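See below for the structure under consideration.
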2 protein chains.
Amino acid sequence: MFAIGKASEQSGVNIETIRYYEREGIVPKPGRSAGGRRLYSPDEIAKLRFVRRCRDLGFPIAIIQTFLSLTEQDDRSCGEVKTLAENHLDEINAKIENLTRLREALLSLSANCDDGTAACPMLNSLMKDGFGEDRSNECRH
Amino acid sequence: MFAIGKASEQSGVNIETIRYYEREGIVPKPGRSAGGRRLYSPDEIAKLRFVRRCRDLGFPIAIIQTFLSLTEQDDRSCGEVKTLAENHLDEINAKIENLTRLREALLSLSANCDDGTAACPMLNSLMKDGFGEDRSNECRH
DNA sequence: GCTTGCTCCTGTAGCCACTACAGGAACTAA
DNA sequence: TTAGTTCCTGTAGTGGCTACAGGAGCAAGC
């Protein structure tokens, strides 16, 4: 059994984050020592490491909770995992596309930014009335 | 002069967000009608639209505040803008790289996810002890 | 046994950039 | 006048942590 510091080291999860996961019920409450300190078994540490790896992959906590409950069942129902992973992949792809478009926009905006004129053309473009705007759009809520 | 609803429509900034920007001092307080309602001039609406466009480009509020104070000065000092934009571009590129690596990781993890075995190989890999781990890493704080 | 310094405890507040109410007041059109 | 819409303030919640304050436990050296 390991104290929270060792559990943090071995799982790669920050101490404060471990306590946060416990508060939120994301991982089960560990046992305590006579003095009231948390004690983690290797299995509990593995669970923490699992959560960190999923977070590193960008999965939100809610999905990770589903994963954890699936690992509790003996058949780690693969279909469900694959669906969740594919949805997440779609989101990642969407983010990459967004960022790529954003990069292009920013590049073309800042391209003229060293032509020596007094007023910055990038700020001017962003202040202008109809720049890059789709008039058919409503206010986004 | 326009009430907050029209200002929201014309700037593309949510009403609640406009009030939030005002509370936080990101945009100046507008005038008020006799009955106490906010009244926005076209210039103030342009400022809101500017903030939204910068947010759409992914700039954090703190940077946008710098932009706004630069637009107050008559020489919209282009050098500073370009530097901020380039730093932001670096961050965007870093995010894209991260997401791309993440996508590869997720793809290879979920690749074996339909081989019909009971235990999901993706969850198994993530639970395993030394999977994809760089042992030289310390706990990240 | 006592001190020093480290680790751990609880509880609360802060981060970012909003978003979502509740409960009430003011305006507009029929 | 009345009904419906828009607006007001103030507060609390979101996700996923992170950072304290103020105290208690514990191990090693003297």
Side-chain angles (χ1 to χ4, degrees), chain A residues 1-27 29-40 44-45 48 50-68 88 91 95 98 102 138-141, chain B residues 1-27 29-40 44-45 48 50-68 88 91 95 98 102 138-141:
Chain A
M1 299 299 246
F2 305 89
I4 199 169
K6 291 283 164 204
S8 167
E9 237 173 75
Q10 287 179 41
S11 64
V13 181
N14 188 322
I15 290 179
E16 311 263 23
T17 307
I18 294 177
R19 290 198 275 250
Y20 164 75
Y21 286 165
E22 183 187 329
R23 269 200 309 283
E24 299 297 304
I26 294 151
V27 296
K29 287 182 196 295
R32 297 280 181 142
S33 75
R37 303 190 162 194
R38 291 172 181 80
L39 289 177
Y40 294 88
E44 289 171 316
I45 291 172
L48 287 168
F50 174 84
V51 174
R52 180 184 58 73
R53 285 174 181 162
C54 290
R55 289 291 303 133
D56 286 352
L57 287 170
F59 283 105
I61 294 288
I63 300 293
I64 300 173
Q65 283 179 299
T66 307
F67 285 163
L68 281 171
H88 186 49
E91 279 166 34
K95 272 188 195 166
N98 261 329
L102 217 136
E138 294 301 294
C139 159
R140 54 188 199 151
H141 297 295
Chain B
M1 299 298 247
F2 304 88
I4 199 169
K6 289 286 165 199
S8 168
E9 238 173 75
Q10 287 180 41
S11 65
V13 182
N14 189 324
I15 290 179
E16 311 264 22
T17 307
I18 294 177
R19 289 198 276 249
Y20 164 75
Y21 286 166
E22 183 187 328
R23 270 202 307 284
E24 298 298 303
I26 294 151
V27 296
K29 285 183 198 292
R32 295 280 182 141
S33 74
R37 300 188 164 195
R38 291 170 179 81
L39 290 177
Y40 294 87
E44 288 170 318
I45 291 173
L48 287 169
F50 175 84
V51 174
R52 180 184 57 74
R53 285 174 183 161
C54 292
R55 290 291 302 132
D56 285 353
L57 289 169
F59 284 104
I61 294 288
I63 301 292
I64 299 174
Q65 283 179 301
T66 308
F67 285 164
L68 280 171
H88 186 49
E91 279 168 35
K95 273 188 193 165
N98 260 330
L102 218 136
E138 294 300 295
C139 162
R140 57 193 194 143
H141 296 297

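Each chain gets a letter, A, B and so on, in the order its sequence line appears, and its residues count up from 1. Since this is a predicted model, take the numbers as computed values, not measurements.
The CD atom of Q65(A) sits 10 Å away from the P atom of dG15(D) (whole-angstrom rounding). Note: CD1 (I26(B)) to C1' (dC18(C)) measures 10 Å, nearest angstrom. The distance from atom CD of E24(B) to atom P of dC15(C) is 10 Å, rounded to the nearest whole Å. Rounded to whole Å, the distance from OH on Y20(B) to C1' on dC21(C) is 18 Å. Rounded to an integer number of Å, the gap from CD1 of I18(B) to C1' of dT6(D) is 13 Å. Taking atom CD of residue E91(A) and atom C1' of nucleotide dG15(D), one finds them 14 Å apart after rounding to whole Å.
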_How would you summarise protein contacts on nucleotides 7-13 of chain D per nucleotide, using B for base, S for sugar-phosphate only and - for none, with heavy-atom distances below 4.0 Å?_
SSB----
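Across every non-hydrogen atom of R55(B) and I64(B), the tightest pair is CD-CD1, 3.6 Å. Considering every non-hydrogen atom in both D56(B) and L102(A), the closest pair reads O-CD1, 3.5 Å.
The structure places SG of C54(A) at 11.5 Å from CD of Q65(A), a figure rounded to the nearest 0.5 Å. In this structure, L68(A) CG and I63(A) CD1 are separated by 12.0 Å, a value rounded to the nearest 0.5 Å.
Contact annotation for F59(B): no contact, since no heavy-atom pair falls under 4.0 Å across all strands.
Looking at residues two or more places apart in sequence or on another chain, you find no ring pair (Phe, Tyr, Trp, His ring centres under 6.0 Å) involving Y40(A). With sequence neighbours excluded, no residue forms a ring pair (Phe, Tyr, Trp, His ring centres under 6.0 Å) with F2(B).
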*Please lay out, stage by stage, how I61(A) and Y21(A) fare under the test side-chain contact (heavy atoms from CB on, under 4.5 Å).*
CA-CA 10 Å; I61(A) 294 288; Y21(A) 286 165; 3.9 Å; yes
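In terms of phosphate contacts, N14(B) brings a side-chain nitrogen or oxygen within less than 4.0 Å of OP1 or OP2 of dT19(C). For T17(A), no side-chain nitrogen or oxygen approaches OP1 or OP2 of dG16(D) to under 4.0 Å. Distances shown here put a side-chain N or O of Y21(B) below 4.0 Å from the OP1 or OP2 atom of dC18(C).
Across the interface with DNA chain C, nearest-nucleotide mapping of P60(B) and G35(B) shows P60(B) to be the residue nearer the 5′ end.
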